[in-house]
Amino acid sequence: MQNPYLPYPVRIDEIITETEDKNLKTFKFVFLNPEDEEKFAYRAGQFAELSIAGKGEIPIGIASSPTEKGFVMFTVNKVGLVSTHLHAMQVGDIMGIRGPLGNSYPWDVVKGKNLVIIGGGFAFTTLRSSIIYLLDPQNRADYGNIDVIYGARTPGMLLYRDELAEWEARDDINMHITVDGTDDPDWKYNTGFVPTIADQKAPPGDDDTYAIICGPPIMIKFTQPVLDRNAYAHDHIIMSLENRMKCGVGMCGRCNIGREFVCKDGPVFTLAELNKTPKEY
Amino acid sequence: MEILKIKKDDLSKGLDALKKSYRLFGPAKTESCHEFKRLEQDEQPDFNFSNTRLSPKAIIYPQSETMFTYSLDENDEDAHILKEVNSLDAPQAVIGIRPCDADAFLLVKRNFDAPDYKDPYWLNAYAKTTLVGLACEKPCPTCFCTTAGSGPFSERGVDILLADAGDDYLAKVITDKGSALAKAAGWDAPSDPDSATEEIERLKTAAEEKISSHVETDHLDKIDTTALHQAPFWEDTAFACINCGTCTFLCPTCWCFDIQDETCGAKGERLRNWDSCMFPIFTVHGTGHNPRGTKKQRVRQRFMHKLKYYVDKYEIGIQCVGCGRCIRSCPVNIDIRKICNLMNHYKPDTVEEPAS
C-alpha cells in the first residue's frame, strides 16, 4: 500500500531571495533518489507539502514547470513555524516533499483557447509554472493568445523579475506588469491595482477565452466584477484557492468548502463551481 | 450464515482461549461509566452496560498515533528523512461492541479508503480487527439508530452478532473473520437454525420497538447546499455552543485529524492526533484569516458535514449512526435530532435569506 503521507527525501540545491523585503525565497530541490522525480510527475497548478522533520509540513504551489527537468521549485513566503524555519535553511540541507497534490489548471479544457492569466503578489508561483509550460516550444502552438496581468505592491516585490523581462521581449505572450505604486522614474510598465489594469488590458470574454486567476482574496474580489463586465462566463473563470491543510489527500477534514476538499478536489475550481459551494475560503 | 449457541459460561472460556492469538478489547466498568479497554489475561468484558461513554473508535483509530520517526542527528545517515513505523500485525477483536458503533466504522471507512488515496494506518488496523457485536436489548432514550441507518440488531459492520437469549448467547456468524474468531474461541455448538432465527427476530422486534426517538432524513439530499448553509436557524443552533469539542471527541463517526511533529533530543515522531472542527485553529490560515472563525460557522460545519455534505458525497445516508452520545454529553443540550429535522424540513423559498 502506497503511504500517501510519506515525503520523498530532497536536497536544497539553490535558494534565491526574490523580493526586496526578503520575505519571499525560491527553493530549488533535487530528489535524493532519482526515481522519485519520475513518481513526482506533475501538472501546472498542482501543489505539494514541503516537509521538514521536527517542524511539520506546509502546502505550497509548485512554481517549476513540468517541462523543466532535474529539479522542482517552490517560492515560499515567510509566515509561520515551518516557512520561517525553511527560510533559515541552507543549500545542501535535507528535507522532504510530498505530492504532487490536488488537481491542476484544466489544461485539456483550455487547449486551443485564448488565456488571460491574472496574478497578484506572491500567488504568481503556479502561474509562473503555467507560463513556462505554455511557452515551451512543444506546447505553445496548442494555445491561442496569452495575456498576463501580474501586479505587486512595488517593483521590488515582483517575483521572477528576470523572466518577466524575457517574456516582455517576446511576441507570443502579452505581458501587462503593474505595481500598486512606485517612485522609480525608470519604471516603464503599468501603475495601478491588478483589477484596474485587467479592466484596461484583458481581451473581452467569449467562448474561446478563459481567465486563470490566482491572488490574494482582495484582488480576486475586485477582479471578478471586471471579468463580469467584460463578459467572461463563470465557467470560463478559473481560480486557484488555498485553505489551511494538513493531509493534502482529502482525509483530515479541515480544508473543505461544502463537500469539496480544496486539497484534493481543488485547489483549482471554476467560478461556476464555487458559486455552488459555501464561501468558506 | 451460521448461528451458534454459546453458553454464557463458555463465552469467558472462549475469550480466554482467544487471548492467545488476539488482543481483546471489551467494555469495562470505570468509576462513573463503561469504557472499552484492553482485556488482560484475567479480565472479562462487562456486558451489563447500555453503551460506553466514549465510542470505541480509538481501538482502530488511536487518539494519537505515530506515523513516522526521524532523527535530527547529523551523524545519522538518514538524518531528516522520515521513516515508516512497523504497523500493527497481531489480530485484535472488540468483544461486545454495539451494532451502531460497528456500523460507524463502515461510514468512516469511506473517508480513509478513497478511490485515489488509501490511509494505511486506519485500513491496516481495521483489517486486523474482528468486531463481535452485542445486540442492544435496552436502548437509551437518546438512541435513534433505527432512523439513522443502523439499529439495535444491525448486522452492518459486525463480524459476529451476539444476542442475549437467557442462558445462552445466540451468535450469528456474519463474515469469514467472524468465523475464524469463533473457531479460535472453540465456539462450535450449532443452534437449531429455524428457532434461533425466530428468537433473534423476536428480540430484534422487541428492541426496535423500544427506540422512541427518530430523525427525518428523506429531504436532506434534495435541499440546495448553499441555501441550507444560509438558513437562519444556524444562529439559534449555535447560540449556546461553547465549542468544547465533546461531541466530536465522543462521536464514533468523527474522523478529523491533525499532524504534528514531536521532537525529544535528536529523535522525533510525526504524529497523527484527533482534531475537531469545533476549534478555531482547525482552519485558521497562516495570515490569520479564518474561513470558519465564528462558532456559528463551526457548528454549522459539523452538522452540514454529517447531514448534508456526506449525504451528497456518498449517497448512502447520513454520517451518523444514531448512538446519541453527543446528545447525552453535550454540556449545553444541543440535540442533533432536532437539528437534523430542522435541516430536513428547511424550505429556502419561504424564508428570507440573511446575509452570511
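Below, all heavy atoms of this structure are taken into account, side chains as well, without hydrogens, waters or symmetry copies.
- With a 6.0 Å radius and a threshold of 12 heavy atoms from other residues, nucleotides or ligands, B/Gln301 has its CD atom above the threshold.
- Annotation: maximal heavy-atom pairing with chain B below 4.5 Å, among A/Leu32, A/Val249, A/Ile257, occurs at A/Val249.
- Within 6.0 Å of atom NZ in A/Lys276, 12 or fewer heavy atoms from other residues, nucleotides or ligands are found, so the atom counts as exposed in its surroundings.
- In the model, A/Tyr5 has a side-chain atom that pairs as donor or acceptor with a side-chain atom of B/Asp119 under 3.5 Å.
- For the side chain to side chain donor-acceptor pair (under 3.5 Å) test with A/Asp21, the passing option among A/Thr19, A/Asn23, A/Thr17 is A/Thr19; the others fail.
- If you check the side chains of B/Tyr309 and B/Thr225, you find no donor sitting under 3.5 Å from an acceptor.
- When the candidates B/Val311, B/Thr263, B/Asp116 are compared by the number of heavy-atom contacts under 4.5 Å with chain A, B/Asp116 comes out ahead.
- Checking A/Asn3 against B/Glu84 by side-chain atom types alone, a donor-acceptor pair falls below 3.5 Å.
- With chain A as partner, the option from B/Asp312, B/Asn290, B/Thr287 having the largest number of non-hydrogen pairs under 4.5 angstrom is B/Asp312.
- Looking at B/Asp224 and B/Thr226, their side chains do bring a donor and an acceptor atom within 3.5 Å of each other.
- Annotation for B/Tyr314: atom OH counts as buried by contact number, over 12 foreign heavy atoms lying within 6.0 Å.
- Contact annotation for B/Phe257: both backbone and side-chain heavy atoms come within less than 4.5 Å of a heavy atom of chain A.
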Given B/Tyr61 and B/Phe112, is the ring pair (Phe, Tyr, Trp, His ring centres under 6.0 Å) satisfied, shown in steps? CA-CA 11 Å; B/Tyr61 180 46; B/Phe112 288 121; 5.4 Å; yes
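- Heavy-atom neighbours of chain B within the stretch residues 72-90 of chain A, taken at a separation under 4.5 angstrom, comprise A/Val79.
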Could you list the donor-acceptor pairs under 3.5 angstrom formed by side chains in residues 233-241 of chain A, with sequence neighbours left out?
residue, atom, partner, partner atom, Å
A/His234, ND1, A/Asn275, ND2, 2.9
A/His234, NE2, A/Asp228, OD1, 3.0
A/His236, NE2, A/Asp207, O, 2.9

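- Between B/Arg272 and B/Asp258 there is no salt bridge, since none of the side-chain N atoms of the basic residue sits less than 4.0 Å from a carboxylate O of the acidic one.
- Within residues 44-63 of chain A, the residues having any heavy atom closer than 4.5 Å to a heavy atom of chain B are A/Ser51, A/Ile52, A/Ala53, A/Gly54, A/Lys55, A/Gly56, A/Glu57, listed by residue number.
- In this pair, B/Tyr346 and B/Phe233 present their aromatic rings perpendicular. The plane angle is above 60°, beyond the 30 to 60° band.
- Seen from the ring of B/Trp255, B/Lys109 does not count as a face-on cation partner, given the 6.0 Å and 45° thresholds.
- For A/Tyr281, the part lying under 4.5 angstrom from a heavy atom of chain B is the backbone only.
- Interface summary for chain B: among A/Arg254, A/Glu242, A/Lys279, the most heavy-atom pairs under 4.5 angstrom belong to A/Arg254.
- Near-neighbour residues of residues 259-274 of chain A relative to chain B, defined by a heavy atom under 4.5 Å from a heavy atom of that chain, comprise A/Arg259, A/Phe261, A/Lys264, A/Asp265.
- At a 4.5 Å heavy-atom cutoff, the contact between B/Leu82 and chain A is made by backbone and side-chain atoms alike.
- Between the side chains of A/Glu20 and A/Thr154, at least one donor-acceptor pair of N or O atoms lies under 3.5 Å.
- In the model, B/Asp101 has no side-chain atom that pairs as donor or acceptor with a side-chain atom of B/Ser55 under 3.5 Å.
- More than 12 heavy atoms of other residues, nucleotides or ligands lie within 6.0 Å of NZ in B/Lys313, so this atom counts as buried by the packing criterion.
- In this structure the side chain of B/Asp218 reaches within 4.5 angstrom of the side chain of B/Asn344, judged on heavy atoms.
- Heavy-atom pairs under 4.5 Å with chain A were tallied for B/His305, B/Glu269, B/His289, B/Glu262; the largest tally goes to B/His289.
- B/Met304 does not touch chain A: none of its heavy atoms, backbone or side chain, sits under 4.5 Å away.
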